[in-house]
Amino acid sequence: MVASCSDFSMIETCILLALAGQHDKCELIADGVDIYRNMAATIYGLDRDAFLAIPKDELTLEQQQQRHAGKNTVLGCG
């Protein structure tokens, strides 16, 4: 099962997670969840729902850096 992506910007992540057998994460992406913020919430012990609820253009610099760490982790550990 491979989750569909809404655009090509997440294609690497979608394929990587599908190949790694992370179908739960593929489903999150298909549901529109920011998978990088989801990972950042785990890394930093943040309130996942509150962190994901913040509109992307309203993230503080610190939150953007946390998201970036989440992105590096998802892509680097694939």
Side-chain angles (χ1 to χ4, degrees):
M1 176 183 131
V2 176
S4 63
C5 297
S6 60
D7 58 38
F8 288 115
S9 66
M10 293 292 294
I11 192 77
E12 180 182 11
T13 303
C14 292
I15 292 172
L16 182 65
L17 291 171
L19 291 173
Q22 292 289 295
H23 303 295
D24 57 329
K25 303 299 183 194
C26 294
E27 289 178 23
L28 288 176
I29 292 171
D31 291 341
V33 173
D34 183 336
I35 197 74
Y36 305 139
R37 274 200 264 174
N38 184 65
M39 178 58 72
T42 300
I43 293 169
Y44 294 102
L46 305 173
D47 179 328
R48 179 186 175 277
D49 293 332
F51 191 45
L52 291 172
I54 303 168
K56 189 173 181 177
D57 62 342
E58 293 181 20
L59 292 173
T60 66
L61 179 59
E62 180 181 21
Q63 291 166 333
Q64 291 174 25
Q65 291 171 339
Q66 290 169 331
R67 181 185 183 275
H68 189 71
K71 179 177 183 176
N72 286 342
T73 302
V74 168
L75 294 175
C77 291

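Atom set for the values below is all heavy atoms of this structure, side chains included, hydrogens, waters and symmetry mates excluded.
Note that CZ of Arg67 and CG of Asn72 are 10.5 Å apart. Values are rounded to the nearest 0.5 Å. Here the CG atom belonging to Leu28 is positioned 10.0 Å from the CD atom belonging to Gln22, to the nearest 0.5 angstrom. Thr13 OG1 to Ile35 CD1: the interatomic distance, rounded to the nearest 0.5 Å, is 8.5 Å. A distance of 4.0 Å separates CE of Met10 from OH of Tyr36, quoted to the nearest 0.5 Å. With values rounded to the nearest 0.5 angstrom, Leu16 atom CG is found 11.5 Å from Ile11 atom CD1. Distance check: Lys71 NZ to Met39 CE gives 14.0 Å after rounding to the nearest 0.5 Å.
Smallest separation of non-hydrogen atoms from Ala40 and Leu46: O-CD1, 4.3 Å. The two residues Ile29 and Cys14 come nearest to each other via the heavy atoms CG2-SG, 3.8 Å.
Under the side chain to side chain contact (heavy atoms under 4.5 Å, CB included) criterion, Asp49 pairs with Asp47, sequence neighbours left out. For Leu61, the side chain to side chain contact (heavy atoms under 4.5 Å, CB included) partners at least two apart in sequence or on another chain are Gln64, Gln65.
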Run the side-chain donor-acceptor check on residues 51-60: report pairs under 3.5 Å with partners two or more places apart or on a different chain.
from	atom 1	to	atom 2	distance (Å)
Thr60	OG1	Gln63	N	3.1
Thr60	OG1	Gln63	OE1	3.3

